[in-house]
Amino acid sequence: MRENPKYLAILAVVAKIPKGNVSTYGEIAALSGFPRCARLVGTALRSDASGPDTPWHRVVNSQGKLSFPQGSANHNIQKQRLMDEGVVFHTGIINLKQYGWDRDLDKTLWS
DNA sequence: GCACTGACTCCCA
DNA sequence: ATGGGAGCCAGTG
């Protein structure tokens with residue numbers, strides 16, 4: 001597990017998320033080659049490598065919310081880091097239309 | 001080896 | 001718009 005290629009693929013995708021942007025579990029799963037396996041993404045980030053260079057905080061659920069209950073340590077860390085990168089929380093929710101990582105948008109704005 | 005759980009998502013009522 | 005249920009893959013007991 002620790003060095004599971006599936007996880008590496010997922011982590012690799014997560015690492016590709018541009019700073020200041022966020023992506024969803026489903027998106028990550030699809031991009032890493034596992035459509036509909038959103039849970040794997042979560043598991044990968046939780047148990048696996050998710051080392052210091054894995055920006056797991058840029059991964060939120062499809063509703064643009066953090067996957068941790070408000071008040072939990074992880075929630076705070078994630079929120080803090082995202083705000084650090086310029087992501088704005090609107091009543092605890094991120095506007096995916098604006099910050100969601102869209103590959104086309106990425107091409108246009110970040111290339 | 002079976003069954004439950006989980007950092008999720010989608011579809012239907 | 002909101003809530004409930006099923007689907008998915010791996011990890012863990």
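Protein chains get the first letters and strands the later ones, always in sequence-line order, with residue 1 at the start of each. All values below come from the heavy atoms of this structure, side chains included, with hydrogens, waters and symmetry mates left out.
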- Test item: A:E27 side-chain N/O and A:V59 main-chain N/O as donor-acceptor pair under 3.5 Å: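 No.
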
- Task: Answer with yes or no whether the hydrophobic clustering places A:V22 together with A:Y25; edges join I, L, V, M, F, W, Y residues whose side-chain heavy atoms lie under 4.5 Å apart.
- Result: no

Please tell me if [X] has a side-chain N or O lying less than 4.0 Å from either OP1 or OP2 of [N].
X: A:K6; N: C:dA10; result: yes
X: A:S62; N: B:dC8; result: no
X: A:R39; N: B:dC4; result: no

Give the rounded distance in Å between these two atoms: [atom1] of [X] and [atom2] of [N].
X: A:R58; N: B:dA7; atom1: CZ; atom2: C1'; answer: 17 Å
X: A:I28; N: B:dC8; atom1: CD1; atom2: C1'; answer: 12 Å
X: A:W56; N: B:dA7; atom1: CH2; atom2: P; answer: 13 Å
X: A:Y25; N: C:dA10; atom1: OH; atom2: P; answer: 18 Å
X: A:L40; N: C:dT12; atom1: CG; atom2: P; answer: 13 Å
X: A:I10; N: C:dA10; atom1: CD1; atom2: C1'; answer: 10 Å
X: A:R36; N: C:dA6; atom1: CZ; atom2: C1'; answer: 13 Å
X: A:E27; N: C:dC8; atom1: CD; atom2: P; answer: 20 Å

What are the two closest non-hydrogen atoms of [X] and [Y], and how far apart are they?
X: A:S32; Y: A:I10; value: OG-CG1, 3.6 Å
X: A:N74; Y: A:W56; value: O-CH2, 4.1 Å
X: A:A38; Y: A:A29; value: N-CB, 4.0 Å

- Query: Going by heavy atoms closer than 4.0 Å, what residues in residues 68-91 of chain A are next to DNA chain B?
  - Reply: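 Per residue number, the list reads A:F68.
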
- Message: Any heavy-atom pair between the side chains of A:Y99 and A:V88 that's under 4.5 Å?
- Response: yes

- Message: I want to check something: taking the side chain as every heavy atom from C-beta on, are A:R81 and A:R58 in contact at a cut-off of under 4.5 Å?
- Response: no

- Query: Which one, B:dT9, B:dA7, C:dC8, comes nearest to the side chain of A:T24?
  - Reply: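 Of B:dT9, B:dA7, C:dC8, B:dT9 is nearest to the side chain of A:T24.
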
- Query: Quick one: which of B:dA7, C:dC8, C:dA10 gets closest to the side chain of A:S67?
  - Reply: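 Of the options given, the side chain of A:S67 lies nearest B:dA7.
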
